[in-house]
Amino acid sequence: MLPHLFLGNVRDVLQLVDTLRTGDVGICFDTGHAYLAGNLYTATPDVARRLRMIHAHDNRGVRDDHLPPGAGKIAWGVWWRQVASSGFHGPIIIEIAARPDARAILDDAKRGLRYMNTLIADHTDLGANGR
């Protein structure tokens, strides 16, 4: 959901998906892109009824860092409560930036997976800062 990309805003994506008039077509929601676009928390309820997959990654709000969830500025607790209340039960892909060191990539992926598993398992008790 980056406005400079084709179908880069929620309204256009939903209009296209709704025009297809089938329940088999849905949306892959990218947390990092939505956060950069400034609409992560407002777009989630809008796309919830068509949400089929999530690309989960974090950033610091400046560029598309592809950090593991929990390593940037996204308030994951706030966001996950929105997703959980929508009834979403689809796949979540941890999307990590490539680096020359394969071990570092694997470590980031494991850290992101642990974070998301904890978030999902305990989304009602996330602490004072919502992360």
Side-chain angles (χ1 to χ4, degrees):
M1 279 163 279
L2 296 173
H4 68 282
L5 298 176
F6 176 68
L7 296 175
N9 67 63
V10 175
R11 184 190 71 240
D12 291 346
V13 171
L14 285 173
Q15 184 177 3
L16 174 65
V17 171
D18 289 344
T19 299
L20 297 174
R21 299 187 192 281
T22 177
D24 296 337
V25 176
I27 293 171
C28 176
F29 191 80
D30 189 295
T31 60
H33 295 175
Y35 186 71
L36 284 174
N39 65 357
L40 175 64
Y41 314 109
T42 57
T44 301
D46 291 343
V47 302
R49 65 187 168 81
R50 291 298 213 152
L51 189 58
R52 301 294 184 272
M53 178 185 299
I54 294 170
H55 283 182
H57 60 98
D58 213 333
N59 62 62
R60 295 178 184 97
V62 177
R63 63 181 173 272
D64 199 14
D65 300 311
H66 284 88
L67 301 172
K73 291 188 173 183
I74 292 176
W76 288 92
V78 171
W79 174 78
W80 182 253
R81 280 189 285 275
Q82 292 178 320
V83 173
S85 70
S86 78
F88 174 76
H89 295 289
I92 300 173
I93 308 297
I94 306 293
E95 196 174 4
I96 304 299
R99 293 197 258 163
D101 181 1
R103 174 54 95 197
I105 296 170
L106 184 58
D107 289 345
D108 281 351
K110 288 178 181 177
R111 188 169 56 248
L113 180 60
R114 281 192 304 270
Y115 186 89
M116 291 302 293
N117 282 334
T118 299
L119 182 72
I120 292 165
D122 195 22
H123 66 85
T124 58
D125 185 22
L126 296 169
N129 66 358
R131 295 187 66 180

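A salt bridge between D107 and K110 is absent, with no side-chain N of the basic residue lying under 4.0 Å from a carboxylate O of the acidic one. The pair R63-D65 meets the salt-bridge criterion, since a charged nitrogen lies less than 4.0 angstrom from a carboxylate oxygen.
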List the steps, then state whether side-chain contact (heavy atoms from CB on, under 4.5 Å) holds for H66 with D108.
CA-CA 10 Å; H66 284 88; D108 281 351; over 6 Å; no
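Heavy atoms only, all atoms of each residue included: H33 and D64 are closest at NE2-OD2, 2.9 Å. Residues T42 and P45 come closest through the heavy atom pair O-CD, 3.4 Å. What you find for G26 and R52 is that their closest heavy atoms are CA-CG, 3.4 Å. Nearest approach of R60 to K73, heavy atoms of both residues: O-CD, 3.4 Å.
A side-chain donor-acceptor contact under 3.5 Å links D58 to the backbone of G70. Using a distance-only test at 3.5 Å, with no hydrogens or angles considered, no donor-acceptor pair links the side chain of Y35 to the main chain of G72. Of the possible donor and acceptor atoms, one in the side chain of R50 sits under 3.5 Å from a partner among the backbone N and O of V25. Using a distance-only test at 3.5 Å, with no hydrogens or angles considered, no donor-acceptor pair links the side chain of T44 to the main chain of Y41.
Under the 4.5 Å side-chain heavy-atom criterion for grouping Ile, Leu, Val, Met, Phe, Trp and Tyr, I94 is not connected to L67 through any hydrophobic cluster. L40 and I120 fall within the same hydrophobic cluster, where Ile, Leu, Val, Met, Phe, Trp and Tyr residues are linked whenever their side-chain heavy atoms come under 4.5 Å apart, directly or through other members. Hydrophobic clustering (ILVMFWY, side-chain heavy atoms < 4.5 Å, transitive): L113 and I96 are in distinct clusters. I27 is not connected to I93 by any chain of hydrophobic side-chain contacts under 4.5 Å among Ile, Leu, Val, Met, Phe, Trp and Tyr, and they are in different clusters.
Counting only N and O atoms by type, the side chains of D30 and H57 include a donor and acceptor under 3.5 Å apart.
Atom CH2 of residue W79 and atom OG1 of residue T31 lie 6.0 Å apart, to the nearest 0.5 angstrom.
Looking only at side-chain heavy atoms (C-beta outward), N39 and D46 stay at 4.5 Å or farther from each other. Two residues are said to be in side-chain contact when any heavy atoms from C-beta on lie closer than 4.5 Å; W76 and P69 meet this criterion.
Ring geometry for F88 versus W80: interplanar angle over 60°, hence perpendicular rather than tilted (30 to 60°).
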